[in-house]
Amino acid sequence: MISEKMQQKLNEQIQKEFFSAYLYLSMEAYFASRNLNGFSNFFRVQAQEERDHAMMFFTYVNHVGGKVRLGMIEEPKSDFQSIEEVMRMALEHEQYVTSSIYSIVDLAIEERDHKTNAFLQWFVTEQAEEEASAEGNLEKIKLIGSDGRGILMMDAELAQRVYTPPQTSQA
Ligand code: FEO
């Protein structure tokens with residue numbers, strides 16, 4: 001079993017992960033509308049991963065005898081002004097998710113809930129990768145600026161990203 005407080009936090013995380021998927025879909029749509037199909041592909045894969053994350057929390061709550069309660073998902077931003085704005089927002093969003101995961105880890109430690117802590121460690125590692133990837137994209141686009149050739153090269157690179165299901169028994 002998990003505590004009521006932990007159950008609530010895990011349910012909130014399910015909502016945050018689904019919101020992440022929604023936000024990244026909105027970014028995918030922005031790039032699709034600009035015919036930048038590589039950037040758009042990158043965020044499509046990102047959104048797929050976020051749905052996986054949401055379902056991992058969903059499955060875990062059920063697995064430990066808790067009750068999943070799905071909250072409302074707010075409308076994501078859709079009127080982006082530049083590629084750099086999208087990349088900055090993606091990084092800030094991942095930093096926000098990391099701090100949210102950390103706060104659940106803090107609660108797990110406080111409650112001596114070792115199994116939830118063990119479950120969360122996959123996400124701690126994943127968030128480090130997510131932040132590094134988002135930071136890399138932002139730095140690259142800052143260097144490229146409005147150079148069309150650079151943007152097309154980055155678009156071709158991001159077109160290579162392929163979705164792979166999470167390597168964990170929790171998915
Ligand atoms: Fe599931 Fe990108 O945080």
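Nothing fancy with the numbering, it's 1 onward along the sequence. Keep in mind that this is a model prediction, so the values were computed, not measured. Below, each value reflects all heavy atoms present in this structure, side chains not excepted, and no hydrogens, waters or symmetry copies. Counting starts at 1 for both ligands and their atoms, following the listed order.
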Using a strict cut-off of less than 4.0 Å between a Lys/Arg side-chain nitrogen and an Asp/Glu carboxylate oxygen, indicate whether Arg88 and Glu85 qualify as a salt bridge. no
Salt bridge check, Glu111 against Lys9: does any charged N sit closer than 4.0 Å to a carboxylate O? no
Assess whether side chain to side chain contact (heavy atoms under 4.5 Å, CB included) is satisfied between Trp122 and His53, documenting all intermediate values. CA-CA 10 Å; Trp122 183 90; His53 298 169; 3.8 Å; yes
Using a cut-off of strictly less than 2.8 Å, determine whether Glu126 has an N/O/S atom near atom 2 (Fe) of ligand 1. no
Whether Glu17 has an N, O or S atom under 2.8 Å from atom 1 (Fe) of ligand 1: yes
Apply salt bridge (Lys or Arg N to Asp or Glu O under 4.0 Å) to Glu157 and Lys140, showing your working. CA-CA 12 Å; Glu157 185 190 316; Lys140 211 173 276 180; 2.8 Å; yes
Phe80 atom CZ: more than 12 heavy-atom contacts under 6.0 Å: yes
Atom 1 (Fe) of ligand 1 is nearest to which N, O or S atom of His53? ND1
Specify which N/O/S atom of Glu130 comes nearest to atom 2 (Fe) of ligand 1, by atom name. OE2
For N/O/S atoms only: which one belongs to Glu50 and is nearest atom 2 (Fe) of ligand 1? OE2
